[in-house]
**Q** 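Here you go, one structure.
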Amino acid sequence: MSIVYPKIHEVIVIGAGHAGCEAALSAARVGCKTLVLTANIDTIGLMSCNPSIGGVGKGHLVKEIDALGGEMAKAADYSAIQYRRLNTRKGAAVQATRIQADRQLYRSYMKNALESEQNIDIKQRMVEGFIAEGDSVVGIKTNLGEEFYADAIVVTPGTFPNGLMHIGMTQISSGRAGEAAATGISKSFDKLGFKLGRLKTGTPPRFDGRTIDWNVTTEQPGDENPVMFSFSNKEAINDQLPCHITYTSEKTHDVIRNNLDKSPLYSGLIKGVGPRYCPSIEDKIVKFPDKDRHQIFLEPDGLNTYEIYPNGISTSLPLEVQYELCRTITGLENVEIMRPGYAVEYDFLDPTQLKITLESKFINNLFFAGQINGTTGYEEAGSQGLVAGVNAALKVKGEAPFIIDRSEGYMGILIDDLVTKGVDEPYRMFTSRAEYRLILREDNADLRLREMGYRIGLVSQQDYDTYMERRDNINKEFTRLENRKVLPTPEVNEILTNLSTAKMKKPQSLKEILRRPEISYKELCFIDEDSVEIAGSEIAGPVEMEVKYEGYIKRQLEQIEKFKKLESIKIPDEFYYDDIPGLSNEIIQKLTSVKPDSLGQATRISGITPAAISVLMVYIKKIEDTDRLNK
C-alpha cells in the first residue's frame with residue numbers, strides 16, 4: 001500500500017551530487033518549494049572522483065555557474081588547498097583556473113548550502129519510479145512505498161542507474177564504491193519510453209601518503225597570488241598544499257601488458273564506452289605504445305588526511321595487479337593502497353530526447369541533468385543542474401524558459417551540443433568547442449551573465465552590488481585609457497626603448513600603448529603613475545584582454561550577429577518535416593528525431609546540408625507569411 005506524503009512541493013530533485021545541488025538551489029532561489037531526495041544525505045556534494053574543480057573549459061563553466069548565482073565556485077574557494085592558473089603563457093581565451101579541494105570541506109559546504117536554503121527540504125530515500133498521468137510526470141515512488149508529488153521533477157542520478165562496478169573480474173552492483181546501484185529508476189526510464197545507452201567511467205587507487213617517498217618526486221606548488229574562483233571572494237581561506245609529479249616506468253607498462261587478460265576493459269566484461277580524454281592507464285599503454293612513461297599527479301585529498309589521489313592512473317585491474325604496477329612507479333615502491341581503483345558502467349539517456357531547457361521532449365515536467373545526459377565531470381554536471389533547476393521552476397511559475405545560447409556562454413555550448421548532436425562517449429568540455437572563444441573568457445563571465453542571474457532571482461543583492469561596482473570600475477578604466485594622451489617626450493621614448501617596443505612619433509592614448517604586444521599594465525606603470533593602482537586590481541585582467549584583442553573581438557561580435565539571426569528563426573513545436581518538398585528521407589529523419597528549436601540549431605545537426613537549411617528557411621517564411629495574412 002502506497003503512502004502519499006502530505007506536503008506538496010513544486011519541484012523535486014532526485015540526487016544530490018553536483019548536478020542535484022545546483023538544480024535544487026536554483027529552483028529554490030527562483031522561488032519554488034523544492035524537495036531533494038538522495039540515497040545518502042552524508043554524500044551530498046561528494047567529490048566521488050578527483051579532488052579538484054576547474055581546468056581548461058571546465059573552469060569557464062564554473063565561472064559561469066558563479067556569475068549566474070550558482071554555488072560551485074564558492075564551494076571551490078571554501079575548500080581550496082591549491083590554486084593554479086593554467087595556460088598563462090597562451091592566449092586569453094584558453095587561460096583557466098583549477099583548484100585542488102579538501103574533499104570533506106567541499107562536501108560539508110554544499111550540504112550546509114542546501115540545508116540553509118529555506119525553500120529546500122531534504123530526505124534520504126531511494127527513488128524506485130515515476131508517477132505519470134498521460135504524457136506528464138506528476139510524482140515519484142520510493143523504495144519505502146511513499147509517493148511524493150510535484151509540478152516538476154529534475155533527475156540527477158549520476159552513475160547510479162544500473163551501476164556496475166568492476167575490479168578485475170569482480171563485478172559489484174554499485175554506483176560508486178560502498179553505495180548501491182539504482183535499478184528501479186532505470187526500469188522507469190524504459191517504461192516511459194526513453195532510449196538508453198551504456199557508458200563507463202573509472203577512478204584510480206588512493207594511496208596512503210605516509211608510504212610515498214616524496215623526495216624523489218617533483219613538487220608542484222600552487223600560485224603565489226591565487227585568483228579566486230568566485231567573483232564574490234577576494235582571498236584564499238585555507239593553507240595551501242603542493243601537489244607532486246611522478247611518472248610510470250617501462251616496468252609499469254610491462255606489468256599492465258602482462259595482465260591485460262585480467263582487465264575487464266580488455267577481456268570484454270565492460271560494454272560501456274569510456275571517456276576518450278580521460279583514459280585508464282591500461283588504455284594509455286595499449287593506445288600509445290611508443291610512450292615510455294606517463295605523467296602522474298599526486299594530489300592531496302585534504303588538509304587533515306594522508307589520503308592521496310594519483311591523477312593519471314585510473315584502472316580497473318585486479319587489486320593485486322594494482323599493487324604490482326603502482327610499486328614500479330618512482331616514489332611509490334612501498335606504497336599502500338587505501339582504496340582500490342575501479343571502473344563503473346551505468347545507464348545514460350540519449351540527450352537528443354531533451355529540449356534545450358533540458359526537459360523531456362515527450363514527457364512533460366521531467367528534466368534531466370548531469371551524467372545521466374552522457375557527460376563527465378563535476379563542472380558539466382553543475383552547469384546542467386543549474387539550467388534544469390531554473391527551467392523546472394520557471395515552468396512551474398508559467399514563465400518563459402531560461403536559455404543561454406552558444407554565443408553567450410560555455411553552458412549554452414554544452415547543452416546545445418548534447419541535445420543537438422547527442423553523445424557516443426562521455427562528453428567533456430573544451431575551449432575548442434566554442435566558436436567565440438575570445439568573447440567567452442573566464443575573466444568576463446560575470447560581465448556576460450550576472451544580469452541574467454540577477455533577473456531570474458539567483459544572484460543575491462550583495463553579489464549584484466559587488467558586480468555593479470566592478471563593472472563601473474572597468475568602464476571607467478576604459479574611458480581613462482582612451483582619453484589619457486601620452487606625449488612623445490624623450491623620457492617616454494627612452495622608457496619604450498628599454499621595454500623593447502617602438503618609440504612614439506606622435507601623441508598616443510594609453511589604450512594604444514597598452515595594445516602593444518610588449519606592454520602590459522606592469523610596463524604601463526613606468527609611463528603612467530595612475531596605472532599602478534589598476535595593475536594590482538581585479539579589473540586589470542579583463543581590461544587588458546579587451547584592449548589587446550579589440551580587433552578580433554569586434555570580428556567575433558559581427559559573427560555573433562549573423563549567428564543570432566539564424567537562432568531567431570524559430571521552428572514551431574508541431575512541425576512536420578514530411579510535408580516539405582526537397583528534403584531527403586535521411587534529413588527528414590534527423591530533423592524529426594532532434595526537433596530543433598530554431599533554424600540555427602538545425603544547422604548544427606550532423607548531416608544537415610546548407611541546401612536543406614535553405615529549403616527550411618523558405619518553408620518557415622511561407623508559414624509565417626500565411627499566419628500574418630490570416631491574422
**Q** Just checking, is any N or O donor in the side chain of N87 or Q95 under 3.5 Å from an acceptor N or O on the other one?
**A** no
**Q** The test is side-chain hydrogen bond (donor to acceptor under 3.5 Å, both in side chains); show your working for E523 and S520 and say whether it passes.
**A** CA-CA 5 Å; E523 287 75 34; S520 68; 2.4 Å; yes
**Q** For Q384 and N373, test the side chains for any donor-to-acceptor distance below 3.5 angstrom and give the result as yes or no.
**A** yes
**Q** Which residues pass the ring-ring contact (aromatic ring centres under 6.0 Å, His included) test with F207, not counting sequence neighbours?
**A** none
**Q** Whether the T376 and R428 side chains hold a donor-acceptor pair (N or O, under 3.5 Å, no angle test) is what I'd like checked.
**A** no
**Q** Less than 3.5 Å apart, any donor N or O on the side chain of R293 or S249 sitting next to an acceptor on the other?
**A** no
**Q** Might you point out which heavy atoms bring A92 and R441 nearest each other, and give the distance in Å?
**A** CB-CD, 3.7 Å
**Q** Does the distance from a Lys or Arg side-chain N to an Asp or Glu carboxylate O, for R85 and D223, drop under 4.0 Å?
**A** no
**Q** Just jot down the side chain to side chain contact (heavy atoms under 4.5 Å, CB included) partners of A39, sequence neighbours excluded, or say none.
**A** M126
**Q** Are side-chain N/O atoms of T315 and E282 paired as donor and acceptor at under 3.5 Å?
**A** yes
**Q** Would D283 and Y266 count as having a side-chain donor-acceptor pair, cut-off 3.5 Å?
**A** yes
**Q** When the side chains of residues 65-75 are checked against the rest of the protein, which donor-acceptor pairs come out under 3.5 Å, sequence neighbours left out?
**A**
{"from": "D66", "atom 1": "OD1", "to": "S230", "atom 2": "OG", "distance (Å)": "2.9"}
{"from": "D66", "atom 1": "OD2", "to": "S230", "atom 2": "OG", "distance (Å)": "3.3"}
{"from": "D66", "atom 1": "OD2", "to": "F231", "atom 2": "N", "distance (Å)": "2.8"}
{"from": "E71", "atom 1": "OE1", "to": "R29", "atom 2": "NH1", "distance (Å)": "3.0"}
{"from": "E71", "atom 1": "OE1", "to": "R29", "atom 2": "NH2", "distance (Å)": "2.8"}
{"from": "E71", "atom 1": "OE2", "to": "Y109", "atom 2": "OH", "distance (Å)": "2.6"}
{"from": "K74", "atom 1": "NZ", "to": "D463", "atom 2": "OD2", "distance (Å)": "2.7"}

**Q** Quick one: list whatever passes ring-ring contact (aromatic ring centres under 6.0 Å, His included) with Y306, sequence neighbours left out.
**A** none
**Q** Salt bridge check: are E250 and R257 linked by an N-O gap of less than 4.0 Å?
**A** yes
**Q** For the pair R339 and E307, find out whether any cationic side-chain nitrogen is under 4.0 Å from an anionic carboxylate oxygen.
**A** yes
**Q** Hydrogens and angles aside, do E518 and T501 bring a side-chain donor and acceptor to less than 3.5 Å of each other?
**A** yes
**Q** Between Q220 and H244, does any side-chain donor sit less than 3.5 Å from a side-chain acceptor?
**A** no
**Q** Passes ring pair (Phe, Tyr, Trp, His ring centres under 6.0 Å), H60 versus F430? Steps please.
**A** CA-CA 9 Å; H60 292 69; F430 294 101; over 10 Å; no
**Q** With a 4.0 Å cut-off, would you call E336 and R327 a salt bridge?
**A** yes
**Q** Within 45° of the axis and under 6.0 Å from the centre of the six-membered ring of F229, does NZ or CZ of R98 qualify?
**A** no
**Q** Can a side-chain donor-acceptor contact be found between R107 and T43 if the only test is distance below 3.5 angstrom?
**A** no
**Q** Which residues pass the side chain to side chain donor-acceptor pair (under 3.5 Å) test with N258, sequence neighbours left out?
**A** none
**Q** Can the ring centroids of F288 and H253 be said to lie less than 6.0 angstrom from one another?
**A** no
**Q** Partners of E22 by side chain to side chain donor-acceptor pair (under 3.5 Å), sequence neighbours excluded?
**A** none
**Q** Regarding Y346 and N162, do their side chains bring together a donor and an acceptor under 3.5 Å, going by distance alone?
**A** no
**Q** Closer than 4.0 angstrom, basic N to acidic O: yes or no for R516 and E544?
**A** no
**Q** Quick one, S383 with E64, criterion side-chain hydrogen bond (donor to acceptor under 3.5 Å, both in side chains). Give me CA distance, side-chain angles, the key distance, then yes/no.
**A** CA-CA 8 Å; S383 300; E64 291 181 0; over 6 Å; no
